[in-house]
Amino acid sequence: MSDAPRLLVLWCPDWPVAAAGAAAGIPPTSAAAVFSANRVVACSASARHHGVGRGMRRRDAQSRCPGLVVHQHDPDRDARLFEPVAAAVEGQAVGVEVVRPGLVAVPVDGAAGYFGGEAALAELLIDEVAARAGVECQVGVADGLFAATLAARRSALVPRGRAKEFLAPLSIAELNQPGDDRGELVDLLKRLGLRTLGAFAALAERDVAGRFPKDALTAHRLARGLSERPPLRRALPPDLAVTETFEEPLRRIDEAAFVAKTLGERFFAGLANHGLACTRLAIVAVTEAGEERVRVWRCAEPLTARSTADRVRWQCEGWLTARDRPTAGIVRLRLDPEEVVGGQALQLQLGSVGRDADAAERAGRALVRIQGLLGPDAVVTPLLDGGRGPAERVRLIPWGEPRRPLAADRPWPGRLPAPSPTVVPPRPVPAEVLDAVGDVVRCTTRGELGYPPSTVAVDGGPPRRVIGSAGPWVVHPALPGRRGERPLARIQVVLEGASAEDGDIALLLRATVGDTPQWTVEGCYD
């Protein structure tokens with residue numbers, strides 16, 4: 001028997017695209033996509049018809065649909081423009097919870113009994129949203145938020161107690177909903193042959209706990225038609241809510257943004273001190289004229305201080321800019337945790353009361369903004385991957401793209417042994433490597449030096465005596481990735497210091513194999 005509450009979910013398809021188009025005055029039938037970090041996060045039906053999909057890179061999307069309208073990801077815009085939709089639903093049913101902009105959930109039992117059944121309630125809400133907000137939507141009803149969300153995408157009313165049967169034939173990819181970040185888990189399950197939710201649900205819970213990553217337990221509960229997490233069986237402290245009263249009423253969005261940050265940090269810190277995290281947040285605003293506005297945000301993952309502040313800011317923006325905005329400024333804000341879980345899901349942040357997580361999120365937003373100004377390749381991060389030389393092993397990955405090594409586990413014949421140089425110059429530095437009689441040291445294709453190196457002069461400097469050497473390591477052109485190139489030879493040398501005060505210097509040198517090698521410095525060891 002399912003422990004999940006019966007919910008009605010109202011879904012506005014492709015909401016980020018619809019909101020961006022509405023803000024820009026672009027017809028909803030246009031082929032358009034919203035991008036974040038150079039990746040598609042949402043696209044219109046017309047764009048999907050041309051082959052554009054979520055997660056696709058921008059240049060690939062535009063190559064498939066040359067007339068694609070490009071929008072930048074803006075969560076503030078999405079939340080602000082979604083407020084009329086939430087208000088339209090709230091006008092007919094109580095207990096409205098915003099899951100994310102574009103998706104709201106409503107407890108179905110009370111409202112369905114009043115309006116004559118679940119089907120009648122669904123039709124009423126669709127008509128109400130179209131009339132008051134001018135937005136098309138779909139509705140689904142099922143036990144639990146996950147099943148109800150998938151039902152909304154199919155405009156289905158799942159009978160009570162039948163969520164597991166409804167989910168069973170659906171693709172395992174449905175676990176990776178926007179904001180859930182379960183792509184790696186879905187890929188792993190596919191490789192294991194578990195291609196449907198039913199196949200995953202058939203596994204024993206103890207096997208999932210012992211053989212899969214931690215977040216797989218939550219996904220397994222969803223696939224079985226259960227709630228995301230078991231209920232918390234302990235009494236909650238009475239002082240978890242946070243209230244802020246303002247001497248000067250809030251009337252501007254920038255004022256609300258400043259207040260949201262402080263309030264979010266206080267709220268998160270209070271929960272963290274009790275070892276808790278919030279998954280359903282009620283935001284209550286009271287105006288100078290005594291009006292009260294309430295909105296509940298349901299979250300798939302426990303809220304951090306930053307994500308709490310985002311929701312407070314989004315909600316205040318929606319209230320202050322809506323068509324039926326309050327007649328006076330906001331004088332009091334209250335954050336009330338309606339559902340909490342144990343804080344182990346946020347154990348990395350609890351020790352610092354969320355500051356490290358918030359700093360990472362702020363840095364990520366700043367980098368995405370820089371990419372929007374200078375292009376996706378303007379912000380890169382290094383990743384150590386497979387290769388033979390130190391420079392070859394470093395890949396620069398645009399910010400926001402997956403950081404996965406592609407070839408680190410290959411054998412790489414001729415690979416330089418550990419340790420790697422600590423400094424790699426941005427361009428090769430010329431060097432002169434001589435043997436004991438003053439001839440240039442040469443290397444054969446079989447990996448043999450004609451004579452050991454005796455002195456090395458770097459970039460026209462004075463020659464220094466070689467007091468130790470190792471190698472060579474030869475990379476042949478017949479190896480993958482080296483076709484059409486001459487063989488390369490690398491050697492490690494330790495050079496005597498220029499004076500008694502100077503220490504020895506260890507260098508990595510490289511040259512082409514042959515009669516006229518041109519030696520360069522490829523790296524330096526500390």
Side-chain angles (χ1 to χ4, degrees), residues 1-4 7 9 11 13-14 33 39-45 47-57 60-61 64 99-100 102-103 105 138-230 300-301 345 401-407 409:
M1 186 69 179
S2 173
D3 64 347
L7 296 174
V9 166
W11 173 58
D14 311 321
R39 295 277 182 175
V40 176
V41 296
C43 58
S44 64
R48 284 194 296 274
H49 179 73
H50 288 84
V52 180
R54 189 157 61 99
M56 188 176 292
R57 297 191 65 173
D60 295 334
R64 298 190 181 196
V99 181
R100 60 177 180 270
L103 197 72
Q138 297 176 203
V139 169
V141 179
D143 299 338
L145 178 62
F146 178 69
T149 300
L150 298 187
R153 294 179 181 274
R154 294 159 177 81
S155 298
L157 303 182
V158 181
R160 191 180 300 271
R162 303 291 297 275
K164 185 175 181 179
E165 290 82 351
F166 166 71
L167 295 172
L170 302 184
S171 169
I172 196 69
E174 297 288 2
L175 289 174
N176 191 26
Q177 294 293 316
D180 290 340
D181 194 22
R182 296 194 184 105
E184 292 186 5
L185 174 62
V186 168
D187 291 341
L188 174 60
L189 295 176
K190 286 182 178 179
R191 292 197 300 270
L192 294 175
L194 302 172
R195 300 188 178 278
T196 64
L197 294 176
F200 184 40
L203 298 180
E205 188 171 2
R206 61 179 180 274
D207 293 335
V208 174
R211 301 181 184 182
F212 292 95
K214 183 178 179 180
D215 62 342
L217 278 176
T218 299
H220 188 246
R221 289 184 59 84
L222 296 179
R224 292 155 56 199
L226 303 177
S227 59
E228 290 191 39
R229 51 188 70 83
E301 296 296 330
E401 295 191 9
R403 289 174 47 82
R404 292 192 293 267
L406 300 178
D409 56 349

Using every non-hydrogen atom in the two residues, find where [X] and [Y] come nearest and quote the distance to one decimal.
{"X": "Arg54", "Y": "Val41", "answer": "CD-O, 3.3 Å"}
{"X": "Lys190", "Y": "Arg195", "answer": "O-NH2, 3.6 Å"}
{"X": "Cys43", "Y": "Val52", "answer": "SG-O, 3.7 Å"}
{"X": "Ala142", "Y": "Ala151", "answer": "CB-CB, 4.5 Å"}
{"X": "Leu175", "Y": "Ala219", "answer": "CD2-O, 3.8 Å"}

Could you tell me which residues satisfy salt bridge (Lys or Arg N to Asp or Glu O under 4.0 Å) with [X], sequence neighbours excluded, listed by chain and number?
{"X": "Arg39", "result": "Glu401"}
{"X": "Arg154", "result": "Glu174"}
{"X": "Glu205", "result": "Arg224"}

Applying side chain to side chain contact (heavy atoms under 4.5 Å, CB included), name anything that partners [X], two or more places apart in sequence or on another chain.
{"X": "Ala199", "value": "Leu194, Thr196"}
{"X": "Leu188", "value": "Arg191, Leu192, Phe212, Pro213"}
{"X": "His50", "value": "Ser46, Cys65"}

Report task. First locate atom NE2 of His220, then atom CG of Leu185, and finally report the distance between them rounded to the nearest 0.5 Å. Result ->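 Answer for the NE2-CG pair, His220 versus Leu185, is 11.0 Å.
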Query raised in the report: Do the side chain of Asp143 and the main chain of Arg160 share a donor and acceptor less than 3.5 angstrom apart?
Result: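 Absent.
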